[in-house]
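Reviewing the structure listed below.
Indexing begins at 1, ligand by ligand and atom by atom, following the structure's order. Note that the structure is a prediction, hence the values are computed from the model and not measured.
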Amino acid sequence: MAAQASAPPGPRALATEAVHAGRDDLAGLGLHAAPIDLSTTYPSYDTRGEAARIDAFAADGALDDGPPVYARLANPTVARFETALARLEGTQSAVAFASGMAALTAVLLARGAAGLRHVVAVRPLYGCSDHLLTAGLLGSEVTWVDPAGIADAIRPDTGLVLVESPANPTLAELDLRAVAKDCGTVPLLADNTFATPVLQRPAESGARLVLHSATKYLGGHGDVLGGVVACDEEFARRLRQVRFATGGVLHPLAGYLLLRGLSTLPVRVRAASANAAELARRLATDPRVRRVHYPRLGGAMVAFEVHGDPHAVTAGVRLITPAVSLGSVDTLIQHPASISHRVVDAADRRSSGVSDSLLRLSAGLEDVDDLWQDLDRALGPRPSRSDVPAAAPRVSAAPTAPAAGRTAVAS
Ligand SMILES: *Cc1c(COP(=O)(O)O)cnc(C)c1O
């Protein structure tokens, strides 16, 4: 029922997968661009046959190659995006959802349905992921731990360990391989939204579930909302059953846009990362900046703490857009304590390194000197020599850094 695109001939490099995965059948169909199938329903002349297919899906979430009975079950355009993302993350399967939060919701519901309601999680996480767990909206119970505390926090009813690396918004990094080891048989979910498979493939380090807010780098142009979980086929079947029953499907047009976004993902991530690294370097020697966070892994996100008023910086940018979200072709800046992480309790926010002076910048593809000029003006006047605090640390690790090492750039 999923109409997955045919499997590729053999191993291919990431850049090749980005433009070919999920499209391998197109030439045979006499097509070049992927078709968009907007059908909500599909003709079913063989009703007995459909009954058997529905039974099979209900029993174990299996989908065959026939047309979907109904669009909440599957969609061929969305299936192309899923196939492509799975290839990029190096997993058997991927299941797409209406948003990143819908994807996380489906994972929590799938574990809860198995009687495994307890979640172990490491802060910081994206603000709404933190909120979803803390508020217990889906009946889950969360234990927040430092990375070193994961193994001890696992209980018989633990269904999931949830981490982000680099984390939103501090860019704190974890040793995913070590974390996966500490999880034992409990599935590790790594939110890979910030790194993308271009910089990091968490499944290779032992994460059973790799989650993306596809809204960010995968779409890449700030015009499509989506989410996806890359995983083994066994877990994917559970997720498809949850998606069918709860309805958080990705629209086919969004599936098309995400597939198109993937084709430029490696190029965009590398170019935006070069801009981010250069901005991090300039911020690190700037007397108006208290501290810069830039991942060892690289990437297109930079976080920094200012000595002055962070609200004045977001109010002062002109080329850069002061807006939440990230991963677009243009540069965005936002104040996590006011926006992306506002829903997190202030004390929890601060203790996980999200200080009130922290700004989070998502570097785009503009010329880096134009970006710097805008940021430089928005940071306000440079202090006179006598105002500069003596020996201010310009760049350092996030405060909750584990021994494995988090954020740092050479100053
Ligand atoms: C944005 C974001 C999410 C949520 O994704 P939506 O598509 O906005 O629902 C989850 N995780 C991270 C790291 C994010 O940045």
- Task: For the residue pair Glu366 and Thr331, confirm or rule out a side-chain donor-acceptor distance under 3.5 Å.
- Result: yes

- Message: Looking at Ser93, is its backbone amide N or carbonyl O close enough to the side chain of Glu82 to form a donor-acceptor pair, meaning the two atoms are under 3.5 Å apart?
- Response: no

- Query: Can you tell me the protein heavy atom closest to atom 15 (O) of ligand 1 and the distance?
  - Reply: Lys216 NZ, 2.8 Å

- Would Phe244 and Phe57 count as a close aromatic pair, with their ring centres under 6.0 Å? yes

- Query: Is the closest N or O pair between Phe194 and ligand 1 shorter than 3.5 Å?
  - Reply: no

- Note on the structure: protein heavy-atom neighbour closest to atom 9 (O) of ligand 1 works out as Met101 N, 2.9 Å

- Query: For ligand 1, is there an N or O atom under 3.5 Å from any N or O atom of Tyr126?
  - Reply: no

- Query: Just by distance, with hydrogens left out, do Thr264 and Arg268 show a side-chain donor and acceptor under 3.5 Å apart?
  - Reply: yes

- Looking only at non-hydrogen atoms, which of Asp191, Leu326, Leu211, Val224 approaches atom 11 (N) of ligand 1 most closely? Asp191

- Query: Can Glu164 and Thr193 be counted as having a side-chain donor-acceptor contact under 3.5 angstrom?
  - Reply: no

- Query: Quick check: does Ser129 get an N/O under 3.5 Å from an N/O on ligand 1?
  - Reply: no

- Is a salt bridge present between Asp60 and Arg238, judged by a nitrogen-to-oxygen distance below 4.0 Å? no

- Message: Looking at non-hydrogen atoms alone, which of Ser325, Gly219, Ser213 comes nearest to atom 5 (O) of ligand 1?
- Response: Ser213

- Heavy atom of Gly226, distance to ligand 1 below 4.0 Å: yes

- Message: Side chains of Ser165 and Glu173 only: does a donor on one sit below 3.5 Å from an acceptor on the other?
- Response: no

- Of all the atoms in ligand 1, which lie at a distance below 4.0 Å from a heavy atom belonging to Glu164? 13 (C)

